[in-house]
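See structure below.
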Protein chains: 2
Amino acid sequence: MPSRQVVAKELAEIFKIVANPDRIRLIEELRAGEKDVNTLAQILDLPSPRVSQHLSLMRAHRLVEERRDGRHHYYHLIQPEIAAWIVDGLDFIEGRMSGVPKSSIKAARRLWSASTS
Amino acid sequence: MPSRQVVAKELAEIFKIVANPDRIRLIEELRAGEKDVNTLAQILDLPSPRVSQHLSLMRAHRLVEERRDGRHHYYHLIQPEIAAWIVDGLDFIEGRMSGVPKSSIKAARRLWSASTS
DNA sequence: TTAATACCTGCGAAAACATGCAGATTTGCA
DNA sequence: TGCAAATCTGCATGTTTTCGCAGGTATTAA
């Protein structure tokens with residue numbers, strides 16, 4: 001198989017992992033540093049088994065890493081720059097049929113680009 | 001629904017559209033300008049109905065536009081910058097279990113970043 | 001008008017995903 | 001020891017995507 005095809009396939013994998021609203025929000029929540037499963041579940045208002053499943057998928061694909069401390073499992077992004085890359089994708093969601101007001105997009109961009117320190 | 005959630009959902013849509021090896025290659029082939037369906041099918045070695053289906057999905061989501069000339073349908077990217085954004089994603093495919101040699105990644109990056117003029 | 005080219009649409013089967021929930025595991029603490 | 005908190009795993013179900021193919025529409029040319 002030609003190498004461009006292999007690379008395209010691999011790239012598609014990354015896009016597939018990110019192609020889920022929960023996982024996008026997880027990544028943006030983790031952009032500033034590690035958080036544990038419960039915290040994430042509360043912030044995003046999701047059942048914790050779901051958060052756990054998303055994180056384990058992302059871990060299998062080496063997007064996040066786990067650190068255990070007592071009964072808490074803290075997760076962090078292996079390459080935090082991925083959060084910024086995702087935000088860059090906002091450039092391509094304006095001007096699509098589905099009505100998301102520009103103000104929401106701007107708000108999200110601002111929030112998700114906030115200082116990480 | 002909180003606006004961040006809406007934005008995340010919309011972003012996920014874009015990722016879903018791109019999350020397919022054929023469509024990634026289509027976008028990269030179109031980065032330099034319009035091409036017709038048959039040309040794309042030949043270059044990518046895909047049955048033309050498949051190319052057509054991919055393009056119609058991308059058109060529905062306003063990633064590409066069509067220009068007809070006789071019996072040829074030429075497609076072009078509405079926002080050509082999306083091709084570069086996708087290439088940026090290559091930063092995140094190294095260091096994953098599936099063995100894609102770095103040289104292939106570099107080759108793809110070079111090819112897909114070639115001058116568009 | 002017939003034929004050929006270029007492309008599109010619809011459909012059914014298979015594969016991949018998402019979701020909710022029940023039950024297991026590990027750890028901390030009384 | 002025994003219970004509760006934090007998380008994980010497995011499974012059944014429903015939904016989306018993908019794929020191949022058959023048949024349809026427009027356009028050009030003989």
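Being a predicted model, the structure only gives us computed values, none of them experimental. A note on names: the letters A, B, ... follow the listed sequences, proteins ahead of strands, and every chain is numbered from 1.
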When you measure from the side-chain N and O atoms of [X] to the phosphate of [N], is any distance below 4.0 Å, counting only OP1 and OP2?
X        : N       : result
His73(A) : dC8(D)  : yes
Tyr75(B) : dA6(C)  : no
Asn38(A) : dT7(D)  : yes
Arg23(B) : dT18(D) : yes
Asn20(A) : dA18(C) : yes

* Where the side chain of Asp69(B) meets the backbone of His72(B), is there a donor-acceptor pair that is under 3.5 Å apart? ->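 Between the backbone of His72(B) and the side chain of Asp69(B) there is no qualifying donor-acceptor contact (under 3.5 Å).
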* Judged by atom type as modelled, is there a donor-acceptor pair below 3.5 Å linking the side chain of Ser52(A) to the main-chain atoms of Ser48(A)? ->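 Side chain of Ser52(A) to backbone of Ser48(A), a donor-acceptor pair under 3.5 Å: no, none is there.
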Mind calculating the distance between [atom1] ([X]) and [atom2] ([N]) to the nearest angstrom?
X        : N       : atom1 : atom2 : answer
Arg50(A) : dT7(D)  : CZ    : C1'   : 16 Å
Lys9(A)  : dT17(D) : NZ    : C1'   : 16 Å
Glu13(B) : dT15(D) : CD    : P     : 17 Å
Glu34(B) : dC7(C)  : CD    : C1'   : 16 Å

Classify the nucleic acid contact of [X] as base, sugar-phosphate or nothing, counting any heavy atom under 4.0 Å across all strands shown.
X        : answer
Ser48(A) : base
Pro49(B) : base
Tyr74(A) : nothing

* Does Ile24(B) reach the side chain of Val18(B), with side-chain heavy atoms less than 4.5 Å apart? ->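 Counting from C-beta outward, Ile24(B) and Val18(B) do come under 4.5 Å.
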* Asked: Which sits closer to the 5' end of DNA chain C, Gln53(B) or Asp22(A), going by the nucleotide each is nearest to?
  ->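 Nearer the 5' end of the strand: Gln53(B).
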* **Residue met sooner reading DNA chain C from 5', once Asp69(A) and His54(A) are mapped to nucleotides** =>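 Nearest-nucleotide comparison on DNA chain C picks His54(A).
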* Give me the ring orientation class for Trp85(A) and Phe15(B): parallel if the planes are under 30° apart, tilted from 30 to 60°, perpendicular past 60°. =>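 The rings of Trp85(A) and Phe15(B) stand perpendicular, inter-plane angle above 60°.
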* **Residue whose nearest DNA chain D nucleotide is more 5′ - Leu57(B) or Ser52(A)** =>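 So the residue in question is Ser52(A).
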* Answer with yes or no whether Arg71(B) presents, from its side chain, a donor or acceptor under 3.5 Å of a partner atom in the base of dT5(C). =>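 In this structure, the two groups form a donor-acceptor pair.
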* Scan residues 20-50 of chain B for pairs that pass ring-ring contact (aromatic ring centres under 6.0 Å, His included), counting only residues two or more places apart or in two chains. =>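 Checked against ring-ring contact (aromatic ring centres under 6.0 Å, His included) - neighbours excluded - no pair reaches residues 20-50 of chain B.
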